[in-house]
Protein chains: 2
Amino acid sequence: MKATIYDVAQAAGVSIATVSKVINQTGRISDKTRKHVYEVMEKLKYEPNMVASALTKKSTYTLGLTLPDLANPFFAEIARAVEDRGREYGFSVLICSTDNDPDKEVQYLSLLTQKRVDGIISAARIQNDHFLKKMLQHHIPFVLITREMPTLAVDTVMVDDFLGGYLAGSHLVELGHKRIAILVEDMDNTSNLERIRGCRQAMAASNVMLDEGLVLISGYSVECGKSTMKELLSLDERPSAVFACNDLLAIGAIQAAREVGLQLPSDLSVVGFDNTTLATIIDPPLTTISQPIQEIGRRAVDLLIQEIKQEKVLKQRVVLLPDLVLRKSSSAINER
Amino acid sequence: MKATIYDVAQAAGVSIATVSKVINQTGRISDKTRKHVYEVMEKLKYEPNMVASALTKKSTYTLGLTLPDLANPFFAEIARAVEDRGREYGFSVLICSTDNDPDKEVQYLSLLTQKRVDGIISAARIQNDHFLKKMLQHHIPFVLITREMPTLAVDTVMVDDFLGGYLAGSHLVELGHKRIAILVEDMDNTSNLERIRGCRQAMAASNVMLDEGLVLISGYSVECGKSTMKELLSLDERPSAVFACNDLLAIGAIQAAREVGLQLPSDLSVVGFDNTTLATIIDPPLTTISQPIQEIGRRAVDLLIQEIKQEKVLKQRVVLLPDLVLRKSSSAINER
DNA sequence: TTGAAAGCGCTAACAC
DNA sequence: GTGTTAGCGCTTTCAA
């Protein structure tokens, strides 16, 4: 049986209140008893029971993180950033992959509240905003990352998707591309919509019209990007450039292009979004729009902790600005 | 204030015991009261407090997972596999990246025991086996994955590293390579040692001697692999093939080779280890030794849960067998 | 500087 | 079928 605070108190010849105080460094305890209690704890291999203390303190010192898929490098990096920043504040993190499945989302969110996490960070594209609204009514500290819910007053840390799309679009247009395709995971979330809108607007600013028939919904994975890109490449008049709304799709696009024998970037320019480590691994290295992953994780945790500690009442939306990272997958159009 | 079981009991006009029974589906409750209690819970938006129940039930239904770095795709995939299997049993998982830092390892392990996780899965290369021994004495269910501790009776799920190295070595030797280099993260862990030993033995079996000067410790990242590979390539007599003890290093090696203008696989064959998704992204696609990641996560959780439920006393070491996955980064030696 | 005692929200005998 | 009650291991007034 694990030692409890009673065992320590008894062995040390003091009360449990005293032991509690030395553990938590609260109240005033003489150096002598403190040291003695420490020794006894050591001897008994005593490990404070945080579930008991959580029950009284009403704080578990754990954060919940929901995201679509932990195996996706982008989210894995986000998770790591959250973990690191959480650790600095003494919080650990419970991770939940939802696969963007509404059922899982609801289940996990409910689980997290039952486990009484002190706050939740969600990168999941929550389908059920009704449910989310309910969560917020429970007043559980909550911050959304990577995406926004325009209709909800919820703390958010995100990147400016419109600007990201705009940067991608201008880059391509400046390189002389006119026939630009867009690969998107799905159209159900604002981020993707904004990225497309940004790209379209950048093109329009240079009088290049986006052919809406070249905007393809591909699903979520390298494979999906690849097969969708193949469709695109079998078109009579194939695009000379493609903006993929995330790196995974961009990679699929590159693979598809190579499989049909195209040279990159001369035959096809590809721009991604996220700037995950994958972007440097693919050949040619991917020109992409960077999200400041570390910073997103960091700021999200900061906001959450402030809310948990009630140091803040003002909800806010932090919009970080993306960057165009030039690599080798894009180049001036090759007019034959 | 969140509703408690008392609020529900009162509002439903029953005792808390009854409410508890309907929540946990224990004891016998009439359909009528059950339904009524459910309605009240609904109305009050009651969420059972799992920290309270954990205190009495002595089970938190959460698992701890420690690994070197969640941002590393290999471990991210492991984490996802563990999460999924855990979920099937109703467990969530607390993730801890140790960066192979002995201090963090000790801190996290201690944190996990304080949070009273029901069990721990560790992929971390725990430096401090003394500490680990202490953990095991506490009888906390524990399973090691991805690596072994030969001197400790601890449940383990791993891949046969020796065989993996052997497969890599034979493959290269069969392709006619004689000057084979090995890139390894570090020599502090049995896995790496075994992989090298396997490779060496496969070579020896074909009367090819491993030049120990070609075994380089590179550190842990694509960048490290790259710079170490550059050293290797600046040798007077450069190797014609390299076995990298993990995919990250293999990717670094490929990048280095390309940067100095080599053609792969004609000028250099590269074999990796792990078969992460990265292997399919790099160009040329990486020939590598596959670890059955899903299966490792799955089996680890199964073992752990059995131990938690005390359905098992026998400790065991599950050794999964690796596979050679042929892709495009290796080919017969090119004799000029 | 220390201790007694009342909770925290729940489960599990056990009694009715 | 349902209720009473004694914990689970800890924190936190409040007294001493």
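Chain identifiers are assigned alphabetically (A, B, ...) following the order of the sequence lines, protein sequences preceding nucleic acid strands; residue numbering begins at 1 within each chain. Heavy atoms only: backbone and side chains are in, while hydrogens, waters and symmetry mates are out. The structure presented is a predicted model; accordingly, all values stated were derived computationally and were not measured.
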*Asks:* Atom CD1 of A:Ile5 and atom P of D:dC10: how far apart are they, to the nearest Å?
*Replies:* 5 Å
*Asks:* Is it true that a side-chain atom of B:Asp274 and a backbone atom of B:Thr276 form a donor plus acceptor pair closer than 3.5 Å?
*Replies:* no
*Asks:* What parts of residues 42-62 of chain B reach DNA chain D, counting only heavy atoms under 4.0 Å away?
*Replies:* B:Leu55, B:Thr56, B:Lys58
*Asks:* Would you give the length of the straight line joining atom CG of A:Asp155 to atom CZ of A:Arg299, rounded to the nearest 0.5 angstrom?
*Replies:* 11.5 Å
*Asks:* Test of understanding: with side-chain contact (heavy atoms from CB on, under 4.5 Å), list the residues that count as partners of B:Gln25, not counting sequence neighbours.
*Replies:* none
*Asks:* How long is the straight-line distance from CE of B:Met41 back to CG of B:Leu44, given to the nearest 0.5 Å?
*Replies:* 10.0 Å
*Asks:* Kindly indicate, with the supporting measurements, whether the criterion side-chain hydrogen bond (donor to acceptor under 3.5 Å, both in side chains) is fulfilled by A:Thr113 and A:Ser110.
*Replies:* CA-CA 5 Å; A:Thr113 72; A:Ser110 161; 4.8 Å; no
*Asks:* Does any residue of residues 110-118 of chain B have a heavy atom under 4.0 Å from DNA chain C, and if so, which ones, in number order?
*Replies:* none
*Asks:* Could you tell me the separation between the CG atom of A:Leu67 and the CZ atom of A:Arg125, rounded to the nearest 0.5 Å?
*Replies:* 13.0 Å
*Asks:* Nucleotide range of DNA chain C contacted by chain B, 5' to 3', under 4.0 Å to a heavy atom?
*Replies:* C:dG9 to C:dA12
*Asks:* Rounded to whole Å, how long is the line connecting atom CD1 of B:Ile16 with atom P of D:dT4?
*Replies:* 9 Å
*Asks:* Return the set of residues passing salt bridge (charged side-chain N to carboxylate O under 4.0 Å, His left out) with B:Arg116 (not counting sequence neighbours), or none when no residue passes.
*Replies:* none
*Asks:* Testing B:Leu65, B:Leu304, B:Leu109, B:Leu94 for side-chain contact (heavy atoms from CB on, under 4.5 Å) with B:Ile120, which one passes?
*Replies:* B:Leu109
*Asks:* Let me see the working for B:Arg298 and B:Asp84 under salt bridge (Lys or Arg N to Asp or Glu O under 4.0 Å), right down to the final yes or no.
*Replies:* CA-CA 8 Å; B:Arg298 193 188 159 86; B:Asp84 283 349; over 6 Å; no
*Asks:* Output the distance between atom CZ (A:Phe75) and atom CD1 (A:Ile95), rounded to the nearest 0.5 Å.
*Replies:* 12.5 Å
*Asks:* Can you measure from CZ (A:Phe91) to CG (A:Leu63) and round to the nearest 0.5 angstrom?
*Replies:* 6.0 Å
*Asks:* Any donor-acceptor pair, under 3.5 Å, between the side chain of A:Tyr6 and the base of D:dC10, if you only look at N and O atoms?
*Replies:* yes
*Asks:* Using a strict threshold of under 4.0 Å (side-chain N to carboxylate O), is an ion pair present between B:Glu307 and B:Lys315?
*Replies:* yes
*Asks:* What pairs of residues pass the side chain to side chain donor-acceptor pair (under 3.5 Å) test when at least one of them lies in residues 35-53 of chain B, not counting sequence neighbours?
*Replies:* none
*Asks:* By a strict heavy-atom criterion of less than 4.0 Å, which residues belonging to residues 33-40 of chain B are in contact with DNA chain D?
*Replies:* B:Thr33
*Asks:* Quick one: CD1 on B:Ile293 to CD on B:Glu77, what's the gap to the nearest 0.5 Å?
*Replies:* 4.0 Å
*Asks:* Sequence neighbours excluded and cut-off under 3.5 Å, please list the side-chain donor-acceptor pairs for residues 135-154 of chain B, or say none.
*Replies:*
residue, atom, partner, partner atom, Å
B:His139, ND1, B:Gln137, O, 3.0
B:Arg147, NE, B:Ala124, O, 2.6

*Asks:* Can you sort out which residues in residues 19-29 of chain B have a heavy atom within less than 4.0 Å of DNA chain D? Ascending by number, please.
*Replies:* B:Lys21, B:Arg28, B:Ile29
*Asks:* Going by side chain to side chain donor-acceptor pair (under 3.5 Å), name the pairs with one or both residues in residues 88-100 of chain A, residues two or more places apart or in two chains.
*Replies:* A:Arg85-A:Glu88, A:Tyr89-A:Asp302, A:Ser92-B:Lys115, A:Ser97-B:Arg80, A:Ser97-B:Glu83, A:Asp99-A:Lys104, A:Asp99-B:Arg80
*Asks:* Near B:Gln10 CD, under 6.0 Å, is it more than 12 heavy atoms from other residues, nucleotides or ligands?
*Replies:* no
*Asks:* If you fit an axis to the five pairs at each end of the helix from C:dT1-D:dA16 to C:dC16-D:dG1, how big is the angle between those two axes, to 10 degrees?
*Replies:* 30°
*Asks:* Residues in salt bridge (charged side-chain N to carboxylate O under 4.0 Å, His left out) with A:Asp118, at least two apart?
*Replies:* none
*Asks:* Can you check the A:Asp7 CG to D:dG9 C1' distance for me, whole Å?
*Replies:* 10 Å
